[in-house]
Amino acid sequence: MAFHDLVAHARAHGNTEDPRRRDLAKGQAPLAMFIACSDSRLVPSAITGAAPGELFELRTAGNVIPAASYPTSEVATIEFAITHLGVPEIILCGHRPCGAVAAMTGEPDRARATTMGRWLAEAPRPVAGLTAVAERAGFTPEHQHLLAQFHALREIPVVRDRVEQGELRLHCWFYDIGTGAVSRWRGEDHVPSFGEL
């Protein structure tokens, strides 16, 4: 596929029949929020089979969840999904291979002086005490990075409050690009375990 194929599809899009459009134009009530890396190889709707309107997506470089101590578009989007859309489920999905994680764990280079480098430098790091246990369990750097972001997600005040109230469930998924397999985190930070969905 070439870029002109994308343009041709976009031109024809409005001429295709889709009875859902009228309802979608009235508002959105997604089944879940899906937070993932911006990587073009990870397509939430392809992984989940979701139709338009069923997933509220947030894509960030390296699926990074910044600290809620200062305003960012990422935290604002999460708050909007919870407080205005009332999403009952949030999926945080990491993946392998991930260029952002490779950049974070590789040797320092000139790229780290870029905006991307500064963004990744602020990303939450693995939870204290997890790294050694995770390495013994055979976890990749991508797994460890995902768990650090999952911990940061749980620390966002509105997320923590809604989870404690039983109004929100969090899910930590991991997507292997090479196989298409999706696994989920099953355990606490000190007992690493990924398994089938």
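Since the model is a prediction, treat every value here as computed from it, not as a measurement. The first residue of the sequence shown is numbered 1, and numbering continues consecutively from there.
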What do the steps show when you test L147 against F139 for side chain to side chain contact (heavy atoms under 4.5 Å, CB included), and what is the final call?
-> CA-CA 11 Å; L147 292 178; F139 282 16; 4.1 Å; yes
Closest approach of [X] to [Y] (non-hydrogen atoms, all atoms of both residues):
| X | Y | value |
| --- | --- | --- |
| N63 | Q149 | O-CG, 3.5 Å |
| L120 | A103 | CD1-CB, 4.0 Å |
| G62 | C37 | N-SG, 3.4 Å |
| P44 | R59 | CD-NH1, 3.4 Å |
| P30 | V87 | CG-CG1, 3.8 Å |

Going only through I, L, V, M, F, W and Y residues with side-chain contacts under 4.5 Å, is there a path from [X] to [Y]?
| X | Y | answer |
| --- | --- | --- |
| I156 | L92 | yes |
| F150 | L58 | yes |
| M33 | W185 | yes |
| L153 | L168 | yes |
| V64 | L42 | no |

Roughly how far, to the nearest 0.5 Å, is [atom2] of [Y] from [atom1] of [X]?
| X | Y | atom1 | atom2 | value |
| --- | --- | --- | --- | --- |
| R20 | E54 | CZ | CD | 8.0 Å |
| I35 | I65 | CD1 | CD1 | 4.5 Å |
| W173 | I47 | CH2 | CD1 | 8.0 Å |
| C98 | M104 | SG | CE | 9.0 Å |
| M1 | H9 | CE | NE2 | 7.5 Å |
| L197 | R186 | CG | CZ | 9.5 Å |

4.5 Å side-chain heavy-atom contact, [X] and [Y]:
| X | Y | result |
| --- | --- | --- |
| V182 | T48 | no |
| R154 | L170 | yes |
| L31 | L55 | no |
| P66 | V75 | yes |
| T83 | R162 | yes |

Check the pair Y175 / I177 against side chain to side chain contact (heavy atoms under 4.5 Å, CB included), numbers first and verdict last.
-> CA-CA 6 Å; Y175 177 61; I177 291 174; 3.8 Å; yes
Is the side chain of [X] donor-acceptor paired with the backbone N or O of [Y] at a distance under 3.5 Å, no angle test?
| X | Y | answer |
| --- | --- | --- |
| R160 | E155 | yes |
| R96 | E142 | no |
| H143 | T140 | yes |

Mark yes when over 12 heavy atoms from residues, nucleotides or ligands other than Q165 sit less than 6.0 Å from its CD; otherwise mark no.
->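 Yes - once you tally the heavy atoms of other residues, nucleotides and ligands closer than 6.0 Å, there are more than 12.
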So does R41 have more than 12 non-hydrogen atoms from other groups sitting under 6.0 Å from CZ?
->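 Buried by this count: over 12 neighbours within 6.0 Å.
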Please assess L24 against D18 for the test side chain to side chain contact (heavy atoms under 4.5 Å, CB included), listing each intermediate value before the final yes or no.
-> CA-CA 10 Å; L24 289 172; D18 189 340; 5.7 Å; no
Aromatic ring proximity, centroids under 6.0 angstrom, F174 and H95 =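 No: the rings miss the under 6.0 Å criterion.
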Aromatic plane relationship, F80 with F56 - under 30° parallel, 30 to 60° tilted, over 60° perpendicular |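 F56 and F80: tilted rings.
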Judged by modelled atom types alone, do R21 and T16 share a side-chain donor-acceptor pair under 3.5 Å?
->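 Looking only at side-chain atoms, T16 and R21 do form a donor-acceptor pair, the distance falling under 3.5 Å.
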Chi angles and distances behind the side chain to side chain contact (heavy atoms under 4.5 Å, CB included) call for F34, C93 = CA-CA 7 Å; F34 198 104; C93 186; 3.6 Å; yes
